[in-house]
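One is the number of the first residue; the rest follow in order along the sequence.
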Amino acid sequence: MNRKVHIIGGGITGLFLAYHHTKRGDSVILYEQSEKLGGVIGTKTVEEGLVELAANGVLLTDKIKLMLDDIGLTPLFPNKAAKRRYFWVKGKISRLPISILAGLKLLFAIGFKKIKFNQTQNFETWACQMFGTSVTKNIIEPAIGGVYGTRLDALQAESIFSNWDGSGKNTILKEIKKKKGKSLGTVSFPQGMGDLVSYLVRYLEPRIEIKTNYPMQTLDEILKWEGKIRFCISLKSLISVLGNRIQPNETPNLLSITTITRFGRFHLTKKPCFGVLFAKNEGIRALGVLSNSDIFPGRSKHGLHSETWIYPESAKQSENESWESILEKDRERITNKTDSPNEVYITSWNGVFPAYDRKLFEFNRIMDVMEADWLKKGIDIRFFGNYRKGIGLRSLFESTSSE
């Protein structure tokens with residue numbers, strides 16, 4: 001039996017970490033402030049179908065498949081129509097929003113151009129130099145913005161690709177090949193992403209000690225605990241726990257995201273698809289929209305079509321505006337039709353997601369130093385979460401598995 005492991009935070013990161021330590025035979029105690037495990041990941045069942053509260057899928061790898069087999073959860077693979085993905089560029093929907101020449105330049109940049117990060121540049125400026133203006137505006141801006149919850153000028157390449165060598169020695173292709181674990185595509189589960197949480201909890205309950213409704217103690221008190229200490233709380237909560245251990249100018253920026261799941265009679269696009277990503281300054285306030293009922297079966301009932309729209313906090317330009325009215329204006333601009341929804345479900349997460357900018361990159365350097373200093377004093381403490389080693393459930397799974 002290995003040392004006792006204290007995992008603070010029962011979101012999906014904490015559950016993944018608890019799973020890995022359990023497989024190693026460690027004695028694990030999981031602490032969660034609320035009564036609910038899973039954090040932002042969850043699925044709500046409504047009359048019209050399923051509403052995902054955050055992520056709608058996970059990139060499947062061989063290692064994640066082994067975990068799913070272990071906990072008895074069968075993945076749900078997407079429909080063939082999900083291979084069709086669209087961009088909204090120049091006032092229209094397109095599968096390839098760049099010219100053949102720009103596409104060739106993109107391939108050249110990936111395969112031959114050396115990566116050189118510049119800490120004074122935001123992602124938009126860096127990407128324009130790396131890939132060209134057309135590729136950046138029409139492909140990278142909507143793709144990256146949709147994933148990271150904001151526009152490129154609020155992000156930094158070095159923060160997003162922190163595991164890459166940005167000294168000018170390697171190409172993007174070489175860095176991609178270094179990443180272990182080939183993705184088998186995006187999957188979900190029969191009753192949505194909530195299944196992942198419930199099956200993990202069911203697997204862990206007889207194997208570890210779980211303390212929900214646990215009041216957060218001060219960091220000084222936690223540092224006295226015997227055994228390994230692993231923080232898996234949100235960045236917003238961590239900032240509060242660290243207190244004066246970080247200076248005000250070192251505090252990373254946080255993003256607020258609103259997702260709106262809309263059930264209606266008509267599709268957004270003429271053909272079923274995965275969804276649509278929106279370029280900046282194209283008259284659409286959303287970052288992207290997922291065509292839920294086109295992607296996975298069983299997402300809607302009564303012949304309705306399900307979509308989830310993703311909005312940054314800045315999309316709401318006035319308190320007098322409702323999120324539903326913003327969505328319907330965006331939708332009408334795309335379809336040129338007025339189509340009232342059957343039902344709309346709104347989920348807002350305030351300050352839950354990190355902004356992958358220079359401040360986050362520097363904050364993670366501070367976290368690395370803190371971990372090393374505590375280890376020298378005999379305190380084995382580490383920090384995990386979507387602010388540390390990349391965004392997305394696959395990144396969280398891989399970072400917790402390698403600890």
Side-chain angles (χ1 to χ4, degrees), residues 59 61 87 96-183 235 249-253 255 277 279-280 353-372 382-392 394-396 398-399 401-403:
L59 286 173
T61 63
F87 294 84
L96 184 62
I98 57 174
S99 67
I100 295 176
L101 179 60
L104 292 173
K105 288 181 178 179
L106 172 60
L107 294 176
F108 175 82
I110 292 172
F112 298 99
K113 205 167 184 179
K114 300 297 177 65
I115 308 166
K116 182 70 174 179
F117 293 137
N118 185 331
Q119 67 181 52
T120 65
Q121 292 180 329
N122 62 38
F123 196 110
E124 184 175 28
T125 304
W126 176 83
C128 284
Q129 289 184 359
M130 188 76 184
F131 306 106
T133 303
S134 176
V135 170
T136 299
K137 180 184 184 299
N138 299 330
I139 291 184
I140 297 175
E141 172 78 57
I144 294 293
V147 172
Y148 287 88
T150 189
R151 292 303 183 185
L152 296 193
D153 57 7
L155 302 171
Q156 195 199 39
E158 191 173 15
S159 185
I160 292 176
F161 306 120
S162 59
N163 293 324
W164 286 9
D165 179 1
S167 64
K169 296 179 181 178
N170 291 342
T171 63
I172 292 176
L173 183 60
K174 188 172 182 179
E175 290 296 330
I176 292 173
K177 288 181 176 179
K178 282 165 54 178
K179 189 174 181 66
K180 298 178 181 179
K182 181 181 178 182
S183 170
L235 180 56
N249 65 320
E250 297 170 338
T251 303
N253 296 312
L255 299 175
L277 293 169
K280 187 170 69 172
F353 302 98
Y356 273 72
D357 54 14
R358 184 67 193 179
K359 291 194 75 173
L360 184 66
F361 182 83
E362 295 295 346
F363 178 79
N364 275 307
R365 283 184 168 180
I366 294 171
M367 293 293 97
D368 293 339
V369 172
M370 282 187 177
E371 289 178 352
R382 291 188 66 189
F383 301 90
F384 292 89
N386 59 6
Y387 61 95
R388 286 295 271 162
K389 301 296 182 181
I391 206 164
R394 175 187 175 179
S395 293
L396 292 176
E398 290 175 350
S399 65
S401 68
S402 61
E403 103 102 346

Using a 6.0 Å cut-off, check whether atom CG of L107 has over 12 heavy atoms from anything other than its own residue.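 It does: L107 CG has more than 12 such atoms within range.
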Do the side chains of [Y] and [X] get nearer than 4.5 Å, heavy atoms only?
X	Y	result
F161	F123	yes
Q156	K359	no
F363	L235	yes
F87	N138	no
D357	S159	no

Could you tell me which non-hydrogen atom of [X] sits nearest to which non-hydrogen atom of [Y], and how far apart they are?
X	Y	result
A143	L277	CA-CD1, 3.6 Å
L360	P252	CD1-CB, 4.2 Å
I139	P97	CG1-CG, 3.8 Å
Y356	I391	OH-N, 3.4 Å

All salt bridge (charged side-chain N to carboxylate O under 4.0 Å, His left out) counterparts of K280, not counting sequence neighbours: E124, D153
Measuring from atom [atom1] of [X] to atom [atom2] of [Y], what distance do you get when rounded to the nearest 0.5 angstrom?
X	Y	atom1	atom2	value
N386	Y148	CG	OH	10.0 Å
N364	I366	CG	CD1	9.0 Å
N170	K116	CG	NZ	12.0 Å

Candidate pair T61 and E398, rule side-chain contact (heavy atoms from CB on, under 4.5 Å), full reasoning: CA-CA 10 Å; T61 63; E398 290 175 350; 4.3 Å; yes
Take R388 and D368 through the salt bridge (Lys or Arg N to Asp or Glu O under 4.0 Å) test and state the conclusion after the steps. CA-CA 10 Å; R388 286 295 271 162; D368 293 339; 2.8 Å; yes
Please enumerate all residues that pass side chain to side chain contact (heavy atoms under 4.5 Å, CB included) together with [X], with sequence neighbours excluded.
X	result
E362	R358, R365
I115	F117, W126, M130, W164, I172, E175
A102	I98, S99, S134, V135
L173	I110, T171, K177

Test item: E371 side-chain N/O and F383 main-chain N/O as donor-acceptor pair under 3.5 Å: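 Yes; at least one donor-acceptor contact below 3.5 Å.
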Determine which pairs satisfy salt bridge (Lys or Arg N to Asp or Glu O under 4.0 Å) with at least one residue from residues 132-143, sequence neighbours left out, and list them in order.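 Qualifying pairs: K137-E282, E141-R151.
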